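As the structure is a prediction and not an experimental result, all values here were calculated from the model. Numbered from 1 within each chain, the chains take letters A, B, ... in sequence-line order.
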Amino acid sequence: DAGVTQSPTHLIKTRGQHVTLRCSPISGHKSVSWYQQVLGQGPQFIFQYYEKEERGRGNFPDRFSARQFPNYSSELNVNALLLGDSALYLCASSLELANYGYTFGSGTRLTVV
Amino acid sequence: GQSLEQPSEVTAVEGAIVQINCTYQTSGFYGLSWYQQHDGGAPTFLSYNALDGLEETGRFSSFLSRSDSYGYLLLQELQMKDSASYFCAVRDQEGGGFKTIFGAGTRLFVKA
């Protein structure tokens with residue numbers, strides 16, 4: 001079975017640009033969460049989606065948005081990129097909203113120059 | 001809000017036992033998880049405690065005391081491959097959803 005897949009694996013963008021990151025959860029998993037991880041720090045919670053609805057939001061500006069599709073895949077969008085948005089963006093899936101053990105994808109390494 | 005504290009680094013020798021502590025502060029506590037992350041890799045789930053007590057999974061055990069807002073991860077029979085970062089994470093219920101908030105991580109160095 002495929003795990004959580006994220007695309008692209010690496011991305012370089014210029015300040016002010018927009019970026020879309022994609023995530024496909026494990027087959028059958030209905031919940032997807034997004035995290036931002038800066039080198040040397042723990043993952044920071046951005047969003048959780050379940051059954052296409054936002055069910056949790058972290059302390060990130062409105063430049064960050066996400067959605068979940070009927071097939072449970074998800075997109076994270078970041079507008080007006082800043083240098084500080086450079087990080088590893090991780091997607092995690094779980095079977096149900098209440099499940100506590102997440103399976104993480106390998107992440108998208110975003111560099112903003 | 002939520003906050004978690006764990007040591008930044010721990011060093012131990014192969015074959016030894018190491019304990020990584022975590023204290024947390026949260027309003028809607030639902031459980032404490034532990035994740036392992038090797039350099040360049042994704043976090044992998046190790047264990048979860050919702051109730052007080054010890055959970056054992058092979059060489060790894062995790063403990064929770066909700067009254068003390070404290071937990072720890074115990075790694076026994078340390079192996080070189082256990083060198084990694086370990087994160088405690090609080091599962092917090094807010095509104096109709098959940099947040100899993102991670103600590104800053106403890107970097108474990110296992111020496112021969």
Asker: Give, as side chain, backbone, both or neither, the part of A:Gln41 having an atom under 4.5 angstrom from any heavy atom of chain B.
Answerer: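 Interface part for A:Gln41: backbone (N, CA, C, O).
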Asker: Need one label for A:Glu53: side chain, backbone, both or neither, based on atoms under 4.5 Å from any heavy atom in chain B.
Answerer: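 Contact with chain B: none, neither part.
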Asker: Where on A:Tyr50 is there a heavy atom nearer than 4.5 Å to chain B: the side chain, the backbone, both, or neither?
Answerer: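 Nothing of A:Tyr50, per the 4.5 Å heavy-atom cut-off to chain B.
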Asker: Do B:Ile20 and B:Leu75 touch side chain to side chain, with heavy atoms closer than 4.5 Å?
Answerer: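 The answer is yes; the side chains approach within 4.5 Å.
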Asker: Below 4.5 Å from any heavy atom of chain B, which atoms of A:Arg109 appear? Answer side chain, backbone, both or neither.
Answerer: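 Neither part.
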Asker: Please state whether the side chain, the backbone, both or neither of B:Ser33 comes within less than 4.5 Å of a heavy atom of chain A.
Answerer: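 Contact with chain A is through the side chain of B:Ser33 alone.
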Asker: Give me the ring orientation class for B:Phe87 and B:Phe102: parallel if the planes are under 30° apart, tilted from 30 to 60°, perpendicular past 60°.
Answerer: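 Rings of B:Phe87 and B:Phe102: perpendicular, over 60°.
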Asker: With sequence neighbours left out, what residues match A:Asn71 under side-chain contact (heavy atoms from CB on, under 4.5 Å)?
Answerer: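 Partners of A:Asn71 under the side-chain contact (heavy atoms from CB on, under 4.5 Å) test: A:Phe69, A:Ser73.
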Asker: At their closest point, which heavy atom of A:Glu75 faces which heavy atom of A:Arg22, and how far apart are they?
Answerer: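 Closest approach of A:Glu75 to A:Arg22, heavy atoms only: OE2-NE, 3.5 Å.
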Asker: May I ask you to name which of B:Pro43, B:Ser8, B:Gly103 has the most heavy-atom pairs under 4.5 Å with chain A?
Answerer: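 Most heavy-atom pairs within the cutoff with chain A belong to B:Pro43.
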Asker: Can you name the nearest heavy-atom pair linking A:Ile46 to A:Gln36, along with the distance?
Answerer: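 Looking at all heavy atoms of both residues, the closest pair is CD1-N, 3.7 Å.
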